[in-house]
Amino acid sequence: MEKVKRFQVSPRVIWGSSIALAILASIPKLFDAATTPGDLVINSSITLLFSLFIWYYNIYSLPKFSAQRTNKSLFNWKLLLSVVLGILLMVVLVIAHQELFQVSKMDAPIMFELRGVLINLIVYMFLHLLFQNYQTQQIGVELERSKALNLGAQYELLKQQVNPHFLFNSLNTLKSMVDIQDPQSSDFILKLSDFYRFTLESRKLDLISLKEEIQILDSYVYLLKARFEDGFEVINVIDQKQYDCAIPPFSLQLLIENCIKHNVVSLDKPLRIKLYTENDFLVIENPIQLKRGVLSTGVGLDNINQRFMHLAHKEIEIDKNDTTFKVKIPLIYEYRNN
């Protein structure tokens, strides 16, 4: 995932505004007949250095970009801390200038402090106004990026749903069953019809209940078992208390298909896939018996992960060892379809 560029303020704005404040702070001194050029330099120097510090300190203390609203109490504490540090800094600057320039007569310290608090508040409020505007723009960018990723994921899903190889294999299996007058031919036709009916009904939904997803999967598994017979098995031990949870439609189908794509499925080496729940995750577990010459690109899992990130702001988890491959997909408890 791309890193979000940190909020920045142009150095021209920082230095330009600081110089302008230094000049404005010295204007009243011009109307005082006792003011010397040295007084103007000292007064402007203190204001300039103070303004620069306040700018850079407040920029540094800004939070990193977040799609969530900034905590209001945190905002108040940072403002209070900025004011306190500004007061201390102004005291240091005044004393330092008195010692450096050996000035015995300067404006009352309270005047510098009031000026410092005013500059601090102006810079702080202006900076946070810019930052809030920046956050709003970044949230819009993230939303558009998320929409683009979801459209890409939906396109990949659609290609999987109408996979011509699956349909071709299913029709070949059906032809073989009809040729040998298999009594289960009618059931196979009904399951094939049910599967594509589910596809048409669910393709426009972002989420469906786990119970509905299991119904789709049952039809899909029936079609696969007609092809692989005892070389393929899905063992469902999902806690039925979780059936009201939601997941993106066809997630299980894509994961099962991913298992078949990369692993040997045969009567001699049957592929047994186990489905079960673990905490707030649905686990799809299969033994590793990789096909020769098949390289994993990770596109299928990345597609599923993008859908979960877009719809639930959660990621799938992958747990792999020498013998077993597990994919854990988060269950969604509160959901609605747009």
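For the numbers below, each heavy atom of this structure counts, side chains included, while hydrogens, waters and symmetry mates do not. Everything numeric here is computed off the predicted structure, so don't read it as measured data.
Of the possible polar contacts, none joining the S193 side chain to the I189 backbone as a donor-acceptor pair under 3.5 Å is found. Proximity of a side-chain donor or acceptor of K291 to a complementary backbone N or O of I260 within less than 3.5 Å is detected. Within the 3.5 Å criterion, the main-chain N or O of C259 finds a donor-acceptor partner in the side chain of N263. Without hydrogens or angle criteria, K274 side chain to V234 main chain gives no donor-acceptor distance under 3.5 Å. With S176 contributing its side chain and N172 its backbone, the two residues share a donor-acceptor pair below 3.5 Å. Of the possible donor and acceptor atoms, none in the side chain of Q253 sits under 3.5 Å from a partner among the backbone N and O of L217. Not one N or O on the side chain of E285 forms a donor-acceptor pair closer than 3.5 Å with the backbone of V327.
For N321, the side-chain contact (heavy atoms from CB on, under 4.5 Å) partners at least two apart in sequence or on another chain are T323, T324. Taking L21 as the reference, T47, S51, I119 meet the side-chain contact (heavy atoms from CB on, under 4.5 Å) condition, with sequence neighbours excluded. Annotation: salt bridge (Lys or Arg N to Asp or Glu O under 4.0 Å) contacts of K191 (sequence neighbours excluded): none. Legend: residues meeting side chain to side chain donor-acceptor pair (under 3.5 Å) with D218, ordered by chain and number and at least two apart, are absent. With sequence neighbours left out, the side chain to side chain donor-acceptor pair (under 3.5 Å) criterion links D302 to Q306. In this structure E317 satisfies the salt bridge (Lys or Arg N to Asp or Glu O under 4.0 Å) test with no other residue, sequence neighbours excluded. Residues passing the salt bridge (Lys or Arg N to Asp or Glu O under 4.0 Å) test with D179 are K175, sequence neighbours excluded. I318 pairs by the side-chain contact (heavy atoms from CB on, under 4.5 Å) definition with L301, F325, not counting sequence neighbours. Here E278 pairs with K328 under the salt bridge (Lys or Arg N to Asp or Glu O under 4.0 Å) rule; sequence neighbours left out. In this structure T277 satisfies the side-chain contact (heavy atoms from CB on, under 4.5 Å) test together with I238, D239, Q242, L282, L331, sequence neighbours excluded.
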Test log, rule side-chain contact (heavy atoms from CB on, under 4.5 Å), inputs I214 and L252
CA-CA 8 Å; I214 295 297; L252 294 182; 3.9 Å; yes

Begin with the C-alpha distance, continue with both residues' side-chain angles, and end with the deciding distance and a verdict on side-chain contact (heavy atoms from CB on, under 4.5 Å) for K225 and V221.
CA-CA 6 Å; K225 281 194 66 69; V221 169; 4.2 Å; yes

CA sep, side-chain torsions, deciding dist, call: E257, Y220, side-chain contact (heavy atoms from CB on, under 4.5 Å):
CA-CA 10 Å; E257 186 172 321; Y220 182 65; 3.4 Å; yes

Do F126 and W55 pass the side-chain contact (heavy atoms from CB on, under 4.5 Å) test, and can you show the C-alpha distance, the side-chain angles, and the key distance before you say yes or no?
CA-CA 10 Å; F126 179 69; W55 265 112; 3.7 Å; yes

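With rounding to the nearest 0.5 Å, the separation of CG in L271 from NE2 in H262 is 12.5 Å. Note that CD of E233 is 14.0 Å distant from CZ of F228, once rounded to the nearest 0.5 Å. The distance from atom OG of S185 to atom CG of L190, rounded to the nearest 0.5 Å, is 11.0 Å. Separation of atoms CG (L52) and CG (L48) is listed at 4.5 Å; rounding is to 0.5 Å. Here the SG-CG distance, from C245 to D280, works out to 8.0 Å after rounding to the nearest 0.5 Å.
A 4.5 Å side-chain heavy-atom check between N258 and I304 finds every atom pair outside the cut-off. The shortest side-chain heavy-atom distance between I288 and D322 does not fall under the 4.5 Å cut-off. Side-chain contact between I208 and F250 is absent, with no heavy-atom pair separated by less than 4.5 Å. Considering only heavy atoms from C-beta on, K326 stays 4.5 Å or farther from K320 through its side chain.
The two residues I247 and P330 make their nearest non-hydrogen contact at CG2-O, 4.2 Å. Shown here for L207 and P248, the closest heavy-atom pair between the two residues is CD2-N, 3.6 Å. Nearest heavy-atom pair, S17 versus V13, reported as atom, atom and distance to 0.1 Å: OG-O, 2.7 Å.
Hydrophobic cluster membership differs between F281 and Y333, with clusters built from Ile, Leu, Val, Met, Phe, Trp and Tyr side chains linked at under 4.5 angstrom. No path of Ile, Leu, Val, Met, Phe, Trp and Tyr side chains, each step under 4.5 Å between heavy atoms, connects V264 with L255, placing them in separate hydrophobic clusters. In the hydrophobic clustering of ILVMFWY residues, with side-chain heavy atoms under 4.5 Å counting as a link, L290 and I284 come out together.
Taking the six-membered ring for Trp and thresholds of 30 and 60 degrees, Y222 and F188 have ring planes inclined between 30 and 60 degrees apart. The aromatic rings of F53 and Y57 sit parallel to each other, their planes meeting at less than 30°, with 60° as the upper class boundary.
Residue L267 is found outside any hydrophobic cluster, as its side-chain heavy atoms come under 4.5 Å of no other Ile, Leu, Val, Met, Phe, Trp or Tyr. Y276 forms part of a hydrophobic cluster together with I235, V237, V283, judged by ILVMFWY side-chain heavy-atom separations under 4.5 Å.
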